[in-house]
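Below is one structure, written out as C-alpha cells, with a few remarks after it.
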Amino acid sequence: MGKLIIPVPAAVRKALAACANENGVAAGVHPGLVLDKFAPSLDESGDWRGLSERVQKPVIDQVVALSVDSPPGLQFDELVRRWERLTDLPNAIVVTGVTDGPLTLHLARASALENAGICLHPIYGFTYLPGSGLKGLAHAYACEVWFPGQSNKPVAWQTICRVFGVAPSGWLSDLAKRLGVPPPPDSVAGSAVFHDGWPRKWPKLTVDILNSHHIKYYANGEAPGDWEDPVPVYFLSVQSGVPFRFVLSPRRDDVGSDDLKLAADWLSGGLTVLGCGAKTATGYGYFTTDRNVLTTSTGPAEFALELATPAFLAGAMQEAEDCNLRPATLRGLLRWWWRTMHAGFVDVATLRRMEAAIWGDTKRGGTVRIRLSPVTTAEPIPYARTDIISRNHLPRPQASKTSQGLTYHSYGMDDHPRPRRFFVKPGTKWSLVITAQAGVFSGSTDKKLPVELPAQLLLEQATAALELLCHFGGCGAKSRKGFGSFVDQSDFDLGRIKLSATEFRTHCLSGSVEFQASLAQSASLEQLLGPVEVPSNGTNYWLVLDQLAAAAQEFAKTYRHRREKKALGLPRDLRNGETGEFHPGRHVKNRHASPVLYHVARDAGGKLLARVIGFPATELPNLADSSAILGQLLNHLTNTLGGRFEVNVANKPAAALSAP
C-alpha cells in the first residue's frame with residue numbers, strides 16, 4: 001500500500017513537508033486549509049482500497065485538534081468585540097442564541113472529504129453561520145410556520161416578499177400558487193439585511209459520527225436484519241452551549257421597525273423550531289434564543305426521557321466528553337422500533353418507502369423532527385466493574401467456571417486491552433420534542449399518485465415508536481442486556497400501538513393488508529414473544545442487572561458446547577468440543593444481534609422490575625427453531641427470576657446504589 005499524498009502540485013507539497021505530520025496532514029495551520037486543501041486524498045501507488053477510512057477520520061481528528069483553541073496570535077475576544085462594534089448599526093436588532101445540541105452545516109461543501117465539511121471562516125478558521133443561510137432559514141419559518149396562522153393571506157404574503165425581497169423565480173411562483181396567494185411582485189431587494197452569525201466564544205469542534213446498522217437495506221433494498229456490521233461515518237460538529245450573536249439591520253433608512261422585528265422573530269423561530277444547518281431532522285442545529293416564537297401547529301409532542309439503568313453512551317471517540325445521548329442515536333433507535341410495527345405486513349421495498357415518508361432517505365428529508373435537550377447533566381462515570389461488584393455486594397456465582405452475572409452481560413465494557421467505557425447513571429433526564437409536518441407516501445410506480453399524509457398521522461407513528469423504545473428497549477452499548485433502559489412513558493398500550501400502525505398502512509396503501517410471516521424478514525411485533533415481567537421489590541439496579549444476567553447465563557449453560565446456542569446471538573464462543581447442528585441463514589456470517597431484549601423498568605412505587613421479550617429471528621437459524629429456543633429461555637426466566645430477586649434483590653437498602 002502506497003503513501004498518501006495531498007492533491008496539490010509537487011512544489012507545494014514540498015513546501016508543506018516541513019509542517020506535515022506522519023500522516024501527511026499539515027500541522028499547526030488554519031483548520032479550514034487542512035479540511036479543504038491539505039487533506040491527503042491520493043495514493044501515489046494508485047491503491048484505492050479503504051481510502052475513505054484511511055483519510056476521513058485522521059483528517060477530521062487533525063481539524064479537531066487545530067480547533068481546540070484559537071490559533072496562536074489571534075486574539076479572539078478582541079476580534080469579536082471589533083465585529084460587534086462593526087455590526088452595531090443604527091436601528092439594528094440583535095438576537096442572541098445558544099446551541100441547544102450539536103450543530104453542523106455545509107457537510108457537502110467542496111473538499112477532499114465526503115460529506116464531512118463544516119462552515120469555517122475563511123480567514124480565522126472558526127465555525128460561523130453565513131447570513132445567506134440565516135436569511136433562508138428565516139424565510140422558511142415565515143412561509144411554513146408564521147404564514148399559515150395569518151388570517152389575511154394576501155397581506156401576509158406581501159409582507160414576506162417585502163422583508164426578504166423577490167426575484168424572477170419559478171420556485172417562488174410555485175410557492176405562491178401552493179400558498180394560494182397572488183404571484184410575487186417584480187424584482188426588489190428585501191428590507192432586512194441578515195448579517196453573518198458569529199460565535200461569542202471560540203467554538204471547539206468535535207468528531208461526530210453516524211453509525212448505520214442497515215446500510216444494505218438503505219442502499220440495496222435488502223431486508224433490515226440485525227446481521228450487518230455497522231458502518232461509521234465521521235463528520236465535524238459544534239457541541240451544545242456555544243453562544244452566537246445574530247444581527248439584522250434595515251437596508252434603507254425608510255424601512256419600518258415592524259419589518260425588522262418580524263424578521264428577527266422569524267429568524268429566532270427558525271433557529272428554535274426548524275433548526276439551522278444540516279441534519280436538523282435528526283436533532284442538529286437547534287438554538288435557545290432570547291425571543292419568544294410561534295411554534296408549529298403540527299405538534300410539538302413533548303416527552304421526558306429518564307434512565308432507569310446505567311447507559312454506556314458514546315460518540316465517535318468513546319471518551320468521557322462524548323458520553324451522552326445523541327439525537328442521531330435516538331432517531332436511529334426510533335426508526336428500528338418503527339419498523340417492528342410494520343415488518344411482515346409489506347415487502348421490503350414498500351417498507352422503505354413508508355419509512356422514507358416519515359424519517360427521510362437520501363433523496364428527501366424526514367417529515368418528523370426530534371429535538372433532544374438535557375434536563376440534568378449527563379455525568380460520565382468510568383465503568384469499574386470489580387469495584388461495582390464489591391461495593392454493591394453482588395452475590396458470587398455458586399457454580400464453578402461461571403461468570404459474575406454483571407460480567408456476563410457487560411462483557412467488553414472494561415476488558416483489557418479495550419479502553420474502559422463510561423456510563424451515565426440512572427435518573428439522568430432529557431427533554432424530547434417531536435414535531436411533524438405533512439408528507440407524502442410515494443407510489444411504487446410513476447403512474448400511481450403519491451398519497452398525502454397528515455402531520456398528525458406521522459406524529460402518532462413517531463410517538464408509538466418512542467413508547468416501544470421506552471417500554472422494551474434501551475440506548476447505548478449493551479442496551480439489549482438491560483443497560484440504558486428508559487423509564488416507561490405513561491399508559492403504554494401495545495394494542496393501541498398496533499392499531500395506529502394499521503391506520504398508517506391503510507392510509508398509505510388505500511386498504512388494509514394482512515400479516516404474512518414470509519414478509520417478516522426483520523423483527524416484527526406480530527411475532528413478539530413475551531413479555532415476561534418479574535418484579536424485583538428492590539431499587540438497586542446493579543443487583544437487578546446482575547441477577548437478570550445470571551438467570552440468562554444459567555439457561556445458556558443448558559446448551560453448553562452445543563451449536564444450537566448460537567440462536568441466542570452471534571458471535572458466540574462455544575469453547576472446545578462443539579456438538580449439535582446450526583446452519584444460519586444466508587445473510588448471517590459471523591454477526592447477529594441478540595433476538596432477546598432485556599429491559600429494566602420502574603413501577604409506580606419506584607421499585608424495579610425485569611421485562612424480557614424475544615423477536616424470533618428468521619436466520620438464527622430459522623423462524624421455527626428460533627421461536628423454540630426463545631420460548632424456552634422466557635419460560636426459564638419466568639420460573640427462576642422471581643426466586644433470584646426475592647433472595648438477592650428485594651428490600652436491599654438504597655445505599656447499595658453507590659457507583660464509583
Side-chain angles (χ1 to χ4, degrees), residues 305-313 381 383-398 402-411 413-414 421 423-428 469-488 492 530-556 594 596-614 633-634 636-660:
L305 297 183
E306 180 181 353
L307 288 177
T309 59
F312 295 109
L313 301 174
I381 302 172
Y383 184 56
R385 175 172 45 86
T386 55
D387 191 35
I388 291 170
I389 292 172
S390 173
R391 295 175 64 178
N392 288 275
H393 308 291
L394 302 189
R396 299 291 183 179
Q398 296 181 353
T402 300
S403 301
Q404 182 76 40
L406 189 66
T407 303
Y408 183 68
H409 267 183
S410 66
Y411 175 78
M413 295 298 98
D414 70 340
R421 292 287 296 270
F423 68 89
V424 294
K425 59 187 178 181
T428 305
L469 168 63
C470 292
H471 195 73
F472 293 128
C475 62
K478 305 297 180 182
S479 60
R480 296 195 180 197
K481 305 301 184 185
F483 295 90
S485 296
F486 289 114
V487 174
D488 283 339
F492 177 83
V532 168
E533 291 192 356
V534 182
S536 74
N537 197 28
T539 58
N540 189 316
Y541 46 84
W542 294 120
L543 277 170
V544 173
L545 288 169
D546 177 76
Q547 290 304 294
L548 183 57
Q553 183 180 200
E554 185 179 49
F555 173 78
S594 170
V596 186
L597 279 71
Y598 299 87
H599 181 91
V600 177
R602 189 186 299 163
D603 64 21
K607 300 293 181 68
L608 299 175
L609 64 89
R611 181 180 296 135
V612 187
I613 60 172
L633 170 61
L634 295 180
H636 175 82
L637 296 176
T638 300
N639 295 330
T640 64
L641 201 51
R644 284 183 171 275
F645 285 165
E646 183 177 356
V647 172
N648 298 308
V649 179
N651 300 315
K652 295 295 183 182
L657 289 170
S658 61

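Values below: all heavy atoms of this structure, side chains included; hydrogens, waters and symmetry mates excluded. In this text, all values refer to a predicted model and were calculated from it rather than measured experimentally.
Once rounded to the nearest 0.5 Å, the distance linking CG of Asn639 with CG of Leu634 reads 11.0 Å. Annotation: the span from Tyr408 atom OH to Leu548 atom CG amounts to 11.5 Å, rounded to 0.5 Å. Going from atom CZ of Arg602 over to atom CG of Leu307 covers 9.5 Å, rounded to the nearest 0.5 Å. Separation of atoms CZ (Phe423) and CG (Leu313) is listed at 11.0 Å; rounding is to 0.5 Å. In this structure, the separation between CG on Asn540 and NE2 on His393 is 9.5 Å, given to the nearest 0.5 Å. Of the inter-residue distances, the one linking Leu394 atom CG with Trp542 atom CH2 reads 9.0 Å to the nearest 0.5 angstrom.
With hydrogens and angles ignored, the 3.5 Å screen pairs a side-chain donor or acceptor of Thr309 with a backbone N or O of Ser485. Between the side chain of His471 and the main chain of Asp488, no donor-acceptor pair closer than 3.5 Å is present. A donor-acceptor distance shorter than 3.5 angstrom exists from the side chain of Thr428 to the backbone of Lys425, with no hydrogens or angles considered. Using a distance-only test at 3.5 Å, with no hydrogens or angles considered, no donor-acceptor pair links the side chain of Ser390 to the main chain of Thr386. A donor-acceptor pair is defined here as one N or O able to donate and one able to accept, closer than 3.5 Å; no such pair exists between the side chain of Gln547 and the backbone of Asn648. Side-chain atoms of Asp414 come within 3.5 Å of backbone atoms of Arg385 as a donor-acceptor pair (strictly under, hydrogens ignored). Using a distance-only test at 3.5 Å, with no hydrogens or angles considered, a donor-acceptor pair links the side chain of Ser536 to the main chain of Leu608. In terms of modelled atom types and a separation under 3.5 Å, the side chain of His599 and the main chain of Leu609 share no donor-acceptor contact.
Looking at every heavy atom in both residues, Ala549 comes nearest to His409 through CB-ND1, 3.3 Å. Closest heavy-atom contact between Leu597 and Ser594: CD1-O, 4.2 Å. Of all the heavy atoms in Ala477 and Arg421, the pair that sits closest is CB-NH2, 3.7 Å. Across every non-hydrogen atom of Ala308 and Tyr541, the tightest pair is O-CB, 4.2 Å. The minimum heavy-atom distance between Gly405 and Asp546, with the atom names listed, is N-OD1, 3.3 Å. Nearest heavy atom pair, residue Arg611 against residue Ala601, reads NH1-CB, 3.6 Å.
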**Study point:** side chain to side chain contact (heavy atoms under 4.5 Å, CB included) assessment of Val600 paired with Leu545
**Key:** CA-CA 8 Å; Val600 177; Leu545 288 169; 3.9 Å; yes

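Under the side chain to side chain contact (heavy atoms under 4.5 Å, CB included) test applied with Pro395, the options Ile389, Val649, Leu543 reduce to a single match, Leu543.
Checked against salt bridge (charged side-chain N to carboxylate O under 4.0 Å, His left out), Arg480 has the following partners two or more places apart in sequence or in another chain: Asp226.
Taking a 6.0 Å sphere around NZ of Lys607, one finds it holds more than 12 heavy atoms contributed by other residues, nucleotides or ligands.
The aromatic rings of Phe483 and Tyr383 stand perpendicular to each other, their planes meeting at an angle above 60°, with 30° marking the opposite boundary.
Between the side chains of Glu646 and Asn537, not a single donor N or O lies within less than 3.5 Å of an accepting N or O.
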